[in-house]
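Nothing here was measured: the structure is a model prediction, and the numbers come from that model. The figures that follow rest on heavy atoms only: side chains count, while hydrogens, waters and symmetry mates do not. Index from 1, following the sequence.
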Amino acid sequence: MNYKNIYEVPLSSLRGISTAREKLFAKIDVFSVGDLLNFYPRAYEDRGNVKDVLDTADGETVSLVLEVVSPLTSARIKANRTGRPMTIQKFVAADDTGSVKMTFFNSDFLKSTFTKGRKFRFYGTLERTPRGISMSSPSYEPYSESVPLPPFVPIYPLTAGLTQKIISSCVRQSLEQYRDIITETLDEDLLRRNGFIGLYDALCSIHFPKSAEELENARRRLAFEELYDFHLKTMLMGSRERNGRAVRIKYPDMKAFAAALPFTLTTAQKMAIQDILIDITLAHDPQSEKEIRQEYAPPARRLVQGDVGSGKTIVACAAIYAVAKSGYQSALMAPTGILARQHYESIGKLLGLFGIKTVLLTGGMKAAEKRETLALISSGEADVVIGTHALIEDGVEFRNLALAITDEQHRFGVAQRKTLENKSENDLKPHVVVMSATPIPRTLAMIMYCDLDISIIDQMPKGRQPIETYAVGDDMRGRVYKFIAGLVEQGRQAYIVCPLAEQTDTLLTASYEMKSAKEYCDSLAKTPLSGVRTEYIHGKMKQTQKDEIMARFADGEIDVLVSTTVIEVGVNVPNAVVMLIENAERFGLSQLHQLRGRVGRGSEKSYCILMSPLLKKKNTNAAYAKRMDIICKNTSGFVIAEKDLELRGPGEFFGRRQSGIFSFKIASAADMELVYLAKAEAEETIRNENLRT
């Protein structure tokens with residue numbers, strides 16, 4: 001059959017691919033030869049650096065070329081943990097400088113492989129004891145001086161039933177069999193001016209590199225293409241959005257708004273407000289009367305990024321005020337009912353001073369109340385609509401929506417945000433502002449939001465006390481509980497965060513079993529917190545149930561709230577002054593900082609306690625202690641985010657739940673040289689396309 005490209009070629013066209021094996025490949029999202037060739041190794045074993053036994057050290061992972069010098073013996077024993085019987089295969093292999101005792105498990109078939117006199121290249125971790133040198137279950141390959149072995153061996157992510165050998169064999173077969181339809185995907189001039197190798201050579205080298213230099217050349221070329229495609233698609237999407245029409249807002253007099261505030265705006269807040277006002281008015285000189293008179297403008301698209309407690313809400317409120325003064329509607333969508341209500345109460349109270357009407361729309365409203373609210377929205381009587389996902393439901397019709405704001409934007413899908421933007425009437429589009437309290441290094445923000453203009457609020461309002469942060473081992477648990485109990489007696493409240501929700505989710509870290517939120521809450525009855533009012537909440541609960549519990553906590557009916565990270569975003573309870581985070585080693589620094597930001601929102605002194613079994617007075621994990629020192633000594637989320645990125649890289653920085661943000665297979669957002677190059681080339685491509693049209 002003639003295939004046009006490698007993505008049309010089914011895996012079944014390869015030798016050794018049965019229907020059952022196709023299903024195994026499907027589990028790792030490999031459905032075609034194209035998918036297989038883009039299923040890159042997660043690591044490489046450097047087996048080319050072969051050492052003599054004499055030159056090795058205890059615990060070293062090493063490559064050895066050894067000859068089998070003893071017959072393989074097999075013994076059947078009873079396993080200690082499972083109780084199931086197992087077999088152990090042993091033999092001795094040696095070079096001119098020493099011998100190594102080899103051990104394999106449940107591998108009876110090896111008897112015909114490891115025969116005396118045969119040579120193999122072994123790769124594994126050595127153990128040196130007074131009884132000799134040993135290696136357990138090493139990788140191995142038959143060795144012949146006339147047939148050189150590859151120096152780098154790819155290691156692929158696996159699923160049960162697939163082996164490294166199966167994947168490597170299929171990849172090699174694909175490269176040989178379908179070379180003619182692996183067509184170049186980048187422009188030849190682009191490749192030449194940037195010194196990139198071609199696609200076929202890159203695929204060969206990424207899977208079977210012959211040297212470190214060859215591997216880096218392949219990685220750089222393939223990573224560039226991922227970044228280039230990402231930038232190109234995002235820029236094109238953003239340009240399509242900006243090509244629409246939005247109403248031009250008249251530049252407002254903000255003096256009355258500023259005077260009504262019970263505090264003084266920070267410089268960063270003022271700059272963010274100014275950015276938005278210029279976006280939606282295009283009045284470049286607000287002090288003059290030389291405003292552009294056209295009725296319509298390109299829709300603004302801006303991200304307002306600020307640390308927890310930096311005052312993003314008042315920035316959004318100022319933008320809403322400006323839009324309302326021009327006679328248009330605004331919508332603000334929040335991820336939870338409790339957060340939507342908090343915005344409704346704070347924003348509605350302030351804007352009400354100017355006769356601006358604010359309404360709340362959530363899924364839990366009674367039918368009659370919802371009908372009344374929908375009528376106010378469709379008639380235009382409601383100037384501001386604040387709500388949850390209910391805003392994007394059918395039946396919600398705006399009269400003249402000009403501004404769509406999404407709070408905690410990463411909690412919504414692209415389609416959901418798009419649906420809100422499409423609520424504007426006729427062919428008009430609203431101006432768009434998305435807000436995020438997740439500090440992201442500026443370099444990463446440039447990639448994630450390259451279709452948006454960015455405003456960063458990097459100052460904290462005056463009067464906010466820094467949160468005292470301590471990292472302790474779980475041997476301090478009793479003292480921590482007493483400390484929290486003492487604050488509760490003074491009328492304060494506390495959060496306790498656990499990584500898990502249900503006991504079925506239990507994980508192990510070190511030798512310490514993490515408790516679920518429910519189990520942990522129940523266990524407090526046997527601690528110094530036995531007399532306090534406790535409740536638990538987790539993400540698997542229904543939204544109405546979570547909102548009800550959070551409302552009770554906000555009203556002071558719960559003293560200690562045991563939670564998973566569901567409370568990470570948006571909850572404002574000024575009376576909560578303690579945040580205890582259990583198993584802190586399970587969280588990244590940025591996420592710990594986000595959780596810490598749930599306290600310190602009132603005038604009282606607040607505390608964050610990071611508890612981990614890795615921080616016991618004895619046997620403290622030095623590397624982890626260093627990480628915890630970063631968050632204990634830094635209060636800026638942006639500083640912490642930069643250090644977190646350095647420590648963990650972009651994939652772990654965003655966490656598994658948000659891995660879709662960077663779905664790169666090989667590119668790294670930390671490789672800024674490639675990031676900038678890819679962005680520049682994408683801009684050049686779009687510029688050239690525009691010139692042609």
Side-chain angles (χ1 to χ4, degrees), residues 257 260 312-325 327-409 411-412 416-417 419-424 430 432-435 437 541-555 557 566-567 569-574 601:
F257 177 83
K312 295 180 298 301
T313 302
I314 200 63
V315 171
C317 190
I320 292 170
Y321 170 85
V323 170
K325 281 298 181 180
Y328 294 98
Q329 291 176 303
S330 298
L332 190 157
M333 185 165 64
T336 66
I338 185 70
L339 181 54
R341 180 166 291 278
Q342 287 177 353
H343 282 322
Y344 167 70
E345 291 173 352
S346 61
I347 293 175
K349 181 179 179 181
L350 176 59
L351 296 182
L353 299 175
F354 305 99
I356 298 172
K357 185 173 180 58
T358 303
V359 298
L360 177 68
L361 184 65
T362 63
M365 297 174 69
K366 293 181 179 179
E369 185 183 8
K370 188 173 184 178
R371 281 196 300 271
E372 182 181 349
T373 301
L374 291 175
L376 291 172
I377 297 170
S378 61
S379 68
E381 292 180 63
D383 302 301
V384 187
V385 186
I386 297 175
T388 56
H389 299 77
L391 288 177
I392 60 177
E393 292 176 355
D394 292 338
V396 181
E397 297 179 358
F398 290 85
R399 176 67 178 274
N400 53 6
L401 181 64
L403 177 64
I405 302 175
T406 306
D407 192 16
E408 300 301 340
Q409 59 82 29
R411 297 286 292 272
F412 296 96
Q416 291 171 321
R417 297 196 298 270
T419 302
L420 178 61
E421 295 171 26
N422 289 338
K423 289 288 184 178
S424 189
V432 173
V433 174
V434 296
M435 301 195 297
M541 291 178 169
K542 292 182 178 179
Q543 190 60 54
T544 53
Q545 188 179 7
K546 289 187 286 187
D547 287 348
E548 184 268 332
I549 293 172
M550 286 308 310
R552 286 169 50 211
F553 185 64
D555 291 339
E557 297 174 13
V566 69
I567 56 92
V569 171
V571 183
N572 184 28
V573 183
R601 306 178 80 83

For residues 368-383, please give each side-chain donor-acceptor pair under 3.5 Å, one per line with the distance, not counting sequence neighbours.
| from | atom 1 | to | atom 2 | distance (Å) |
| --- | --- | --- | --- | --- |
| Lys370 | NZ | Glu393 | OE1 | 3.0 |
| Thr373 | OG1 | Glu369 | O | 3.0 |
| Ser378 | OG | Leu374 | O | 3.2 |
| Ser378 | OG | Ala375 | O | 3.2 |
| Ser379 | OG | Ala375 | O | 3.0 |
| Ser379 | OG | Leu376 | O | 3.2 |
| Ser379 | OG | Glu381 | N | 3.3 |
| Ser379 | OG | Glu381 | OE2 | 3.2 |
| Asp383 | OD2 | Lys357 | N | 2.8 |

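A distance of 11.5 Å separates CD in Gln342 from CG in Leu360, rounded to the nearest 0.5 Å. Of the inter-residue distances, the one linking Ile347 atom CD1 with Ile386 atom CD1 reads 4.0 Å to the nearest 0.5 angstrom.
Residues satisfying the salt bridge (charged side-chain N to carboxylate O under 4.0 Å, His left out) test with Lys325, not counting sequence neighbours, are none. With sequence neighbours left out, the salt bridge (charged side-chain N to carboxylate O under 4.0 Å, His left out) criterion links Glu548 to Arg552.
For Ile356 against Ala324, the heavy-atom pair with the smallest separation is CD1-CB, 3.7 Å. Counting all heavy atoms, side chain and backbone alike, Met541 lies closest to Ile549 at SD-CD1, 3.9 Å. A pairwise comparison of heavy atoms in Ile405 and Leu420 identifies O-CD2, 4.2 Å as the closest pair. A pairwise comparison of heavy atoms in Ile392 and Met333 identifies CG2-SD, 3.9 Å as the closest pair. Nearest heavy atoms, His343 versus Thr313: CE1-OG1, 3.3 Å. The shortest non-hydrogen separation linking Ala340 to Thr362 is CB-CG2, 4.5 Å.
At most 12 heavy atoms of other shown residues, nucleotides or ligands fall within 6.0 angstrom of atom OH in Tyr344.
Between Phe354 and Tyr321, the two ring planes are perpendicular [angle over 60°; tilted spans 30° to 60°].
Contact annotation: the side chain of Cys317 approaches that of Phe257 to within less than 4.5 Å [non-hydrogen atoms, C-beta and beyond].
A donor-acceptor contact shorter than 3.5 Å is absent between the side chain of Gln329 and the backbone of Val385. At distances below 3.5 Å, not a single donor-acceptor pair connects side-chain atoms of Asp407 with backbone N or O atoms of Leu332.
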Item to check | Check against side chain to side chain contact (heavy atoms under 4.5 Å, CB included), Met435 and Val315 | outcome: CA-CA 10 Å; Met435 301 195 297; Val315 171; 5.8 Å; no
